[in-house]
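Positions are given from 1 along the sequence.
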Amino acid sequence: MAYDSRPTERSDPATDPSANYDYRGGAEHRPALDAALTARVDGDVRFDTYTRELFATDASAYEQRPIGVVSPRSVEDVVAVVEYCAEHGIPVLPRGGGTSLAGQAVNEAVVLDFKRHMDSVVSVDPEEGRAKAEAGITIARLNDRLDPHGLKFAPDPAWGDKSVLGGAIGNNTTGAHSLKYGKTDAYIEECEAVLADGTHTTFGWVSVDELQRRAREADEDSDLEGRIHAAVARILVEDAEEIDEKYPDLKRNVSGYNLDELVDTARERGEVNLARLLAGSEGTLAIVTSATVSLEPVPQSTAVVLLTYDDILDAMRDVAPILDHDPAAVEVMDDTLLDLAADTAEFADVVSLLPEGTDSTLLVEFYADSPADAERKIADLLADRLPGHEARATPTEGGGDVTAEPIHAVDALEAYDDDRQAKFWKMRKAGLPILLSRTGDDKHWPFVEDTAVPARNLPEYVADIQALLDEHDTFASYYAHAGPGVLHIRPLLNLKSQTGIETMEAISEGITDLVIEYEGSVSGEHGDGRARTQWNRKLYGEDLWATFRELKTAFDPDWLLNPGNVCGDHDPTETLRYDAEYTFDAGFEPTLNWDTENGFQGMVELCHGCAGCTGHQETTGGVMCPTYRASEEELTSTRGRANMLRSAMDGDLPDEPFDEEFVTEVLDLCIGCKGCKKDCPSGVDMAKLKAEVVHEHHQREGLSLRDRLFANVETVLSLGSTFAPVSNWLMDLPGAGRLAERTVGISSERTLPGFHRATFRDWMDERGGSRVAEGDADRKALVLADPYTDYSHPDVGKATVRVLEAAGVHVSVPDAVTDSGRPAFSKSMLDHARETARENVAALAPRIREGWDVVAVEPSDAVMYQLDYRDLLSNDDADTVATNTYGVCEYLDSHRLLDGVEFGATERALAYHGHCHQKATTKDHHAVGVLRQAGYDVDPLDSGCCGMAGSFGYEAEHYSMSEAIAGLLVEQIGDSAAQQVVAPGASCRSQLDDFGEDGEPPHPIEMVAAALA
């Protein structure tokens, strides 16, 4: 498979002369500051309204618009920004992936966006077990580079494919396996950092004696480093006993500054690592630009067991005795999450295996040197915690006598193979997405979601939390890292009301008191930020609070680095994203059906900012968000678009969402792939939101000629077919492409689809209809002759008929149905699409009631009937059509129609690129199953959208973006060992044809037809 390298050549699609977007919008804020920083740095400097709004939120409950955003390309850029801001008293905030849950990544400051450019691995030393990387690299990308060496950066936050190394240091991140690995601080060897005055320095190990010598030499006129050394030396001498007394004895404490680690290493090693003091400092002490970290070997074998309980408190009682078996992880899910998981197609089968009445589960994972050793560890645990359960392996002698605690578990499900383990872990990690799917005003907010207490205190602690929540007439779910005592607790509250805000504050203070009572920490994972900074004073007392502030002042005399966090003056009830003053006004009446709570508004407000849309293709996979993956611009992510849309409708953004600039910059680059519908943790359906808002834009501003042409593709293609081959010759004439670009805006670099004079319908008529008599068939199918199949790709339709007939299906092509309405829908011409849908439903529903199935060759058409018709129409006939429509491979696979079909020998290995719409509706796997049943060796690519996206890739202003998105797919195809790529979507095949040297790839059904015996 040979493909052109063009898609990988452009780094930024916006630099194309034809592009009409630059990821900016609105008025410039503080233009003099903007100009001053632009003159000093090579990176991107943006002080426009749109960019500031994009960086006003993270994954927390908070929102505060920054002064501006700088995406530095180098340490020199960072130094230049900090020097200038220090000279002029301007706050600075270092930011990574914006995944912070406590509000530490939002502030009224100049934001340094490290993820945009400073994301490289500098070096890897496998022998020393160390790596150096820039602050903006995601943990997943770092580990991807380390994997060939059998090494990894051990802290494993659940969002490690979106969060970055600098953020991991800033939060002192850990993850589900902290029982084995601890926190990020344990792996920091050195940090290159920029201090508050712009000094570029390196922090690392220094002996206590040397530190004290430097401290003695420091005075009031010393530079910042001298003052820092003096402050740290003083803490070691004067505050060590207070630190011993007040810091909780936990693996998972990230509240306040990292002083306990400082004191412990000084005692144990006679030296300290000032880089580790930056861990958990949330950018308030210095700005980390790169770090050298130590690495851990990837475990040889793992095994998982899911223990079930009748009550959450029973599960909590079992955590401490389970820890005596030295597990790598102990994770909890309660009844709220299990009930919600049972309602999802992905996890219903796992939940159905649980005993009736299961209230909670503990997922316990072991690391081992071999599969047999892993099985033995599970057997020993079960012999101790669930005697009588027949484990897969035989426990060691005495393995069941580790503890003498009462038995609480009811049953156990073991998992040894990778797929089953992954399923159990995915169900546990689905906790947050399930909770975030609420579209009403009541939401599960993060503000006490990562408190930590010793595992032995969990039962009493949880019981008291339940009583506290009952007192405030709300509830929360309990999930996450029970082993180290960290529970994710998200109370359900309406922060749009003053009562809800007051309840938030009361619960926060009440749980803080419980944390202190049970010897815990107010933050075991997610940091202080705006949500918890004020509670550090209560947790540690006045003396250590004063020490924190003295340390902050030594590092940052003017308190310009992310001010207010850790030891500042943040009020957790201020700068909330929603508050009692919040109002929402869409500015129009939506025309689609919105069956979510709060309707259209509920979907606009659904994004929680978790950054699930900002992962990279090679480490995250899935479909969304193609334009973000091609450009790595916040505005092109689902989060960015959702935040902008909400801000335009709640009044924070002065622009209306129907303004030309807003539509061009925010919505036009959404290619409607529907990936967010499936891959967004909250289920934000940006494609549907775009369709609704741009439709209103059309109502106000009218339609272009190009939009009308693309929406009426049936007419255009039928004319091209009627005059073929003359129409094909005309398109090939010199200058034809340039003329098309100048007149209607179709890119001159595109090859337009060719036309066939003999259509698919003509072929079907000439052969006299189906070769399988209706009376002899078990099923009968209406194969839809969509415009692309009928006029441009009739061979795909022919292959569909041949395969269906080989499977014993009686086939007919309905005359009354042509265009599905997808072209009009993709251009947000919803009235046009609705009328088409109404006509098609009227034609198809009676036939379905007569026993016919509906089969679509084109995937986007299949999903149009299955999904979008329900949004356009609200009646039983539309539901009937939606329920009984299939993509051709889905039809064959779902009904096992090929079970009796004979196939000849197949030798070609196929790389399968699935259509994004079918991936979004979880129907993409059927084609892989059908191809394998036909005898092919199939490599299903974990690919996103091809970038053509219907008409998007043909539009001159979008060609460069389409090309960049295609580059991601081309790289995946190049990495595959397969000999040929196949793709069901006409757009995908056209895109690959433009970048390939082997012609247009076949549709999977063509390969199945070719394999028929």
Starting from the C-alpha separation in whole Å, work towards a yes-or-no answer on side chain to side chain contact (heavy atoms under 4.5 Å, CB included) for Lys180 and Asp326. CA-CA 9 Å; Lys180 286 290 185 188; Asp326 192 28; 3.1 Å; yes
Take Arg376 and Asp373 through the test salt bridge (Lys or Arg N to Asp or Glu O under 4.0 Å) and record every step on the way to the result. CA-CA 5 Å; Arg376 177 195 58 76; Asp373 187 34; 2.7 Å; yes
Value for OG1 (Thr619) from CG (Asp161), rounded to nearest 0.5 Å, stands at 5.5 Å
State plainly whether the residues Arg420 and Asp417 are in salt-bridge range, i.e. N to O under 4.0 Å. no
For the pair Arg530 and Asp571, find out whether any cationic side-chain nitrogen is under 4.0 Å from an anionic carboxylate oxygen. no
So, taking the atom named CG in Asn457 and the one named CG in Leu514, what distance separates them when rounded to the nearest 0.5 Å? 11.5 Å
Distance-minimising heavy-atom pair for Asp450 and Ser523: OD2-OG, 2.9 Å
Gap between atom OH of Tyr479 and atom CD1 of Ile312 - 0.5 Å precision: 13.0 Å
Presence of salt bridge, Glu365 and Lys377, under 4.0 angstrom: no
Hey, what do you get for CG (Leu354) to OG1 (Thr308), rounding to the nearest 0.5 Å? 6.5 Å
Does NZ or CZ of Lys538 fall inside the cone over Trp535's six-membered ring, less than 6.0 Å from its centre and within 45° of the axis? no
Taking the side chain as everything from C-beta on, heavy atoms only, tell me whether Glu519 gets closer than 4.5 Å to Val453. no
Scanning both residues in full, the closest heavy-atom pair of Thr361 with Leu338 reads CG2-CD1, 3.9 Å
Please determine whether a side-chain nitrogen of the Lys or Arg among Glu449 and Arg532 lies less than 4.0 Å from a carboxylate oxygen of the Asp or Glu. yes
CA sep, side-chain torsions, deciding dist, call: His444, Phe475, ring pair (Phe, Tyr, Trp, His ring centres under 6.0 Å): CA-CA 9 Å; His444 291 279; Phe475 71 94; 5.8 Å; yes
Could you check whether any side-chain heavy atom of Leu469 comes within less than 4.5 Å of a side-chain heavy atom of Pro491, counting everything from C-beta outward? yes
For residues Pro299 and Tyr181, report the shortest heavy-atom separation together with the two atoms involved. CD-OH, 4.1 Å
Separation between OG of Ser497 and CD of Glu502, rounded to the nearest 0.5 Å: 8.5 Å
Given Glu261, which of Lys183, Arg267, Lys251, Arg276 fulfils the salt bridge (Lys or Arg N to Asp or Glu O under 4.0 Å) condition? Arg276
Interatomic distance, OG1@Thr512 vs CG@Leu539, rounded to 0.5 Å, equals 8.0 Å
Is there a side-chain contact between Ser281 and Tyr257 (heavy atoms, below 4.5 Å)? yes
Which is it for Thr302 and Gln421 under the side-chain hydrogen bond (donor to acceptor under 3.5 Å, both in side chains) test, yes or no, and what are the steps along the way? CA-CA 9 Å; Thr302 62; Gln421 289 186 53; 2.8 Å; yes
Lys/Arg-Asp/Glu bridge criterion (N-O < 4.0 Å) met for Glu597, Arg438: no
Can you establish whether the number of heavy atoms outside Asp470 located under 6.0 Å from its atom CG is more than 12? yes
Determine the sole option in Arg577, Lys496, Lys443 for which the salt bridge (Lys or Arg N to Asp or Glu O under 4.0 Å) test with Glu605 is passed. Lys496
With a 4.5 Å limit on heavy-atom distance, are the side chains of Leu307 and Tyr309 in contact? yes
How far apart are the closest heavy atoms of Tyr247 and Ser255, and which atoms are they? CE2-O, 4.4 Å
Per ring-ring contact (aromatic ring centres under 6.0 Å, His included), His177 is matched among Phe366, Phe153, Tyr367 by Tyr367
Do the charged groups of Glu296 and Lys152 touch, with an N to O distance under 4.0 Å? no
Over 12 non-hydrogen atoms of neighbours within 6.0 angstrom of CD in Glu397: no
Look at Arg392 together with Glu375 and state whether they make a salt bridge at an N to O cut-off of under 4.0 Å. yes
